[in-house]
Amino acid sequence: MHARSAAPSRDPGLPDARGPRAEPPWSAHAALIEASRCLYCFNAPCSRACPAGVDVAEFIRSIRTGALRSAARLVLSANALGETCGCVCPTEMLCVGECVLGAIDGQQPIAIGRLQRFALHWARSRRLRLFEAAPPSGKQIALIGAGPASLACAHELVRLGHQPVLLECAESPGGLNRTAIAPHKMDTDLPLAEAEWLVGFGAQVRYGVRVGVDVPFAELERDYDAIFIGVGLGPDRKLGVPREEAEGVMGAIELLHRIKSGDFVRPPAWERVLVVGGGNSAIDAARTLKEIGTPEVILVYRRNEEQMKGYPHEWLAAKMAGVTASFLTQPVEVLAKEGRARGLRCIRMTLGDADESGRLRPVPVPESESELAGDAVVVAIGQADPQELLPGLPEDIRIAGGRIVVSPETGVTSRPDYFAGGDCTNGGAEVVNAAAEGLRAARAIDHYLSGKGN
Amino acid sequence: MADLSVTLAGIRSPNPFWLASAPPTNTGGQIELAFDLGWAGAVWKTLGHETDQIVNVSSRLAAIRGAAGRVAGINNIELISDRPLAENLSEIEAVKRRYPEHVVIASIMTGERRQWEELIRQCEEAGVDGFELNFGCPHGMCERGMGSAVGQDVAAIETITRWAKEATRRPVLVKLTPNITDILEPARAAARAGADGLALINTIKSLMGVDVDRFVPYPTVAGRSSHGGYAGVAVKPVALQMVASIARDPQITIPISGIGGITNWRDCAEFMLLGATTIQVCTGVMFGGYRIVRDMRDGLTDWMDENGFDSCSAFIGKAIPNFVEWNDLDLNYKVIAHIDEEKCIGCQLCYPTCRDGGHQAIKLPEGADGGHSVRLQGVAHRRPVVDEEACVGCNLCSLVCPVPECITMVPVDTGRAPETWGERCPQPAE
Ligand SMILES: Cc1cc2nc3c(=O)[nH]c(=O)nc-3n(C[C@H](O)[C@H](O)[C@H](O)COP(=O)(O)OP(=O)(O)OC[C@H]3O[C@@H](n4cnc5c(N)ncnc54)[C@H](O)[C@@H]3O)c2cc1C
Ligand SMILES: Cc1cc2nc3c(=O)[nH]c(=O)nc-3n(C[C@H](O)[C@H](O)[C@H](O)COP(=O)(O)O)c2cc1C
Ligand code: SF4
């Protein structure tokens with residue numbers, strides 16, 4: 001794990017090594033003005049669009065009236081990661097995208113993320129405890145991983161009177177929230193501060209423990225009343241092409257993590273960097289590369305712009321930051337010289353019929369190979385399956401298509417004492433989904449434990 | 001271009017815009033600036049007799065806020081002018097000398113007849129165009145038997161108005177307090193006593209709020225507070241009702257200077273349509289500065305031009321015939337709410353409003369909470385519908401709707417001839 005270093009001093013004229021600073025939280029007055037614009041719709045569409053079911057209209061109403069504890073409590077009781085979500089949720093595709101104010105001429109949708117972030121920052125900076133825990137049950141639950149899913153699960157378990165114990169292989173909590181999410185969205189220190197606040201309500205954490213390696217599953221089953229799996233997905237997936245081990249080829253998460261840790265200095269030779277992929281991670285990596293001063297960043301994607309999996313608003317922002325793209329282009333080989341990457345050999349693609357997801361399938365155009373020069377290659381084509389993270393996972397826990405199979409209502413796995421949530425069950429979604437699934441599993445665990453106790 | 005000049009009680013004013021007696025008319029320097037910026041008249045901050053001791057406290061103002069934190073109304077616990085009378089008088093003289101065409105009215109308030117007479121003589125010598133007797137201040141002065149203590153006592157109004165009328169030949173306006181049950185009583189008393197005009201309203205007795213951390217009402221003076229006088233946008237409806245009631249009263253024929261919550265040209269037009277000849281502004285200027293008169297002047301002129309009014313007299317009082325008693329309203333007229341499908345944004349605010357505070361006439365569409373997405377499917381599936389049988393036409397939903405002209409009230413034919421309550425149940429003649 002990379003050591004956390006102090007933020008390098010920031011010269012406003014120079015691109016920052018850790019990427020741009022995210023915008024600071026709003027003042028109470030700014031929040032009040034924005035909250036006053038809200039209509040507090042009946043049956044509010046924004047609330048219905050929130051995967052965690054945050055009662056958006058009501059928490060904004062409470063900001064408006066100055067009942068800030070109540071505002072923070074409303075968010076937190078549905079989404080423990082509400083503050084980071086306020087920064088990183090793709091709200092355009094969720095709550096904000098539903099805001100009916102956008103339909104009134106001359107009006108803008110409410111900046112719901114900013115308001116949510118304001119309410120929780122207000123509560124966290126005062127170190128408020130906004131709930132009363134149920135009487136202690138004496139039950140202990142092991143949570144594997146200390147990413148968003150486990151943190152949300154632990155927060156709810158504490159509220160319900162149980163004792164969560166998080167087992168995390170890294171040296172600090174937060175998961176991808178801490179390591180991968182682009183620095184322009186959220187201050188690098190926030191996930192840690194948020195996690196510490198949440199854990200402080202009564203969870204225990206053990207760092208540097210890799211379950212399945214340092215602690216066998218059998219031991220967990222013996223020592224705990226239930227187990228929650230929140231391990232996310234594995235490391236960056238590889239392209240599977242020749243010479244991928246060349247220097248200058250790395251995964252998007254690896255790159256983002258190094259940038260966010262502050263131990264990455266862009267090599268001067270990186271004049272032109274190729275980013276392979278068309279999803280949000282590829283867009284984030286490309287935009288961040290631009291923001292730390294890379295002169296040329298090219299997205300290499302095998303389908304076309306319309307078929308990109310990344311959100312249109314994110315891609316637009318990346319283009320505005322100067323990222324360009326080579327569409328319908330599939331890498332077939334890393335080009336290297338003396339062990340250092342110098343580009344990609346690619347083949348042209350064309351679009352065929354729709355695949356299962358409804359997107360058009362890319363088909364190679366014969367005899368269309370060409371070389372694309374680049375001083376480094378960043379691979380952003382997804383993460384490895386969670387199975388790799390969990391050596392020795394009991395065989396009766398069903399995994400299908402690289403996901404741990406759970407009941408959508410409860411998060412229970414094919415074994416009644418094992419629950420799971422987050423990226424390892426949904427195949428990689430957003431922080432808010434992980435938080436919602438963690439909370440859902442906590443309630444199911446509570447139900448399971450009370451049934452078992454009788 | 002329309003002519004904005006008016007004449008009230010013989011006082012010619014280049015336009016109808018006057019500053020009310022209050023902080024904006026505290027000093028000659030302020031008033032000269034205001035005249036330069038377009039105000040035609042100023043009612044000087046109320047002067048007391050030189051022997052009246054006036055001391056003001058600090059702080060003095062508190063506010064109630066509306067949407068986005070904008071101030072809707074203020075209350076104040078300020079008394080009349082606390083500056084030496086001699087200073088005020090010499091400034092009045094200087095202003096009148098420099099601005100002979102502008103109107104300067106002395107607002108006055110004191111106790112004994114001899115004091116009223118002396119004060120009137122001194123102001124007259126300074127050159128004022130007329131007087132406004134302040135029978136309105138609802139705090140501080142009334143506890144000494146002045147201000148609203150006079151305004152609430154019909155006999156006192158008559159007596160003091162007579163004293164003033166006997167002491168001067170310049171026009172005497174009486175400024176009324178709204179802190180009474182029926183505004184016609186003090187208005188008629190003043191008219192009977194020979195007042196040349198009425199000015200209203202003064203501030204409304206009020207308590208603005210409480211500091212919930214320190215348990216002290218606002219505005220706070222060393223850990224305590226007192227009731228004050230309410231003014232600003234929020235009091236406009238109270239003022240309009242009083243102005244209009246006086247304007248349509250056959251027993252009162254003297255002109256009115258309308259005051260209360262005026263901040264823009266439209267407010268001016270409304271007060272004048274309901275019978276005011278001039279308008280006076282205090283809070284609007286305290287928050288927006290004298291410069292707000294630019295909008296008043298241009299807006300009123302354009303509106304007059306558009307409506308073909310070449311002078312103010314062409315429209316002053318024009319809405320009064322349409323301001324009648326409830327008994328004279330047509331019981332067989334009916335409107336119902338109509339939601340414009342194109343304009344509706346699907347906020348559904350009209351639904352709980354009619355369900356809980358209306359007449360249960362708005363229905364949600366089938367499957368409205370079926371998980372549709374506004375972003376992906378648009379708002380069509382969220383549009384409420386009006387049950388036209390159940391709608392009583394109260395207007396509530398159209399007031400709650402955030403989209404301009406989305407919910408409109410549409411007249412429907414009831415098939416019945418117009419009929420008022422008065423016609424249905426005639427009162428036996430007395
Ligand atoms: C580049 C990138 C950008 C993203 N941007 C956004 C964004 O802008 N907005 C958004 O909402 N989401 C974003 N996401 C997605 C979001 O980060 C994840 O959905 C979320 O972090 C999932 O949480 P989780 O708890 O399921 O898993 P993770 O965050 O992956 O956390 C899992 C934790 O488990 C630990 N762990 C794994 N195996 C073991 C083991 N055997 N023993 C102990 N501990 C273990 C890991 O160290 C890690 O701390 C992004 C993801 C990526 C990759
Ligand atoms: C701070 C303050 C001081 C006032 N002082 C006086 C005064 O000395 N004499 C007076 O007749 N009215 C006084 N008034 C009342 C105003 O002249 C006016 O009648 C009232 O504020 C309503 O008008 P508005 O809504 O434009 O403010 C005062 C009002 C305020 C807010
Ligand atoms: S006008 Fe009144 S009764 Fe009719 S629909 Fe609207 S709120 Fe309901």
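So you know, we letter chains A, B, ... as the sequences are listed, proteins then strands, and number each from 1. We use all heavy atoms of the structure for the numbers below, so side chains are in, but hydrogens, waters and symmetry mates are not.
- Open room surrounds CD on Glu23(A); 12 or fewer heavy atoms of other groups in view lie less than 6.0 Å from it.
- In the displayed structure, Lys205(B) atom NZ is contacted under 6.0 Å by at most 12 heavy atoms of other residues, nucleotides or ligands.
- Across all their heavy atoms, Leu349(B) and Cys41(A) have their closest contact at CD2-CA, 3.7 Å.
- Atom CZ of Arg266(B) has 12 or fewer neighbouring heavy atoms from other residues, nucleotides or ligands inside a 6.0 Å radius.
- Applying the 6.0 Å contact sphere to CZ of Arg129(A) captures more than 12 heavy atoms from other residues, nucleotides or ligands.
- Ranked by heavy-atom pairs under 4.5 Å with chain B, the list Leu39(A), Ile33(A), Asp105(A), Val96(A) is led by Leu39(A).
- In this structure, the portion of Glu92(A) lying under 4.5 Å from any heavy atom of chain B is its backbone and not its side chain.
- For the atom pair Ile104(A) CD1 and Lys343(B) NZ, the distance stands at 12.0 Å (nearest 0.5 Å).
- Taking the side chain as every heavy atom from C-beta outward, Asn43(A) and Tyr351(B) never approach each other to under 4.5 Å.
- Within the model, atoms CD1 of Ile362(B) and CZ of Phe42(A) stand 11.5 Å from one another, a figure rounded to the nearest 0.5 Å.
- Using a 4.5 Å cut-off between heavy atoms, Arg355(B) touches chain A through its side chain atoms alone.
- No more than 12 heavy atoms of other residues, nucleotides or ligands shown are found within 6.0 angstrom of CZ on Arg70(B).
- Counting heavy-atom neighbours within 6.0 Å of Arg69(A) CZ, excluding the residue itself, gives a total of 12 or less.
- Of the listed residues (Ala103(A), Cys46(A), Gly97(A)), the one with the most heavy-atom contacts under 4.5 Å to chain B is Gly97(A).
- For CD of Gln108(A), the number of neighbouring non-hydrogen atoms (other residues, nucleotides, ligands) closer than 6.0 Å is 12 at most.
- Contacts of Arg64(A) with chain B are made by side-chain atoms alone, with heavy-atom separations under 4.5 Å and no backbone atom involved.
- Here the closest non-hydrogen pair linking Pro45(A) and Val374(B) is CB-CG2, 3.8 Å.
- Arg48(A) contributes atom CZ, which lies 5.0 Å from atom CZ of Arg382(B) (distance to the nearest 0.5 angstrom).
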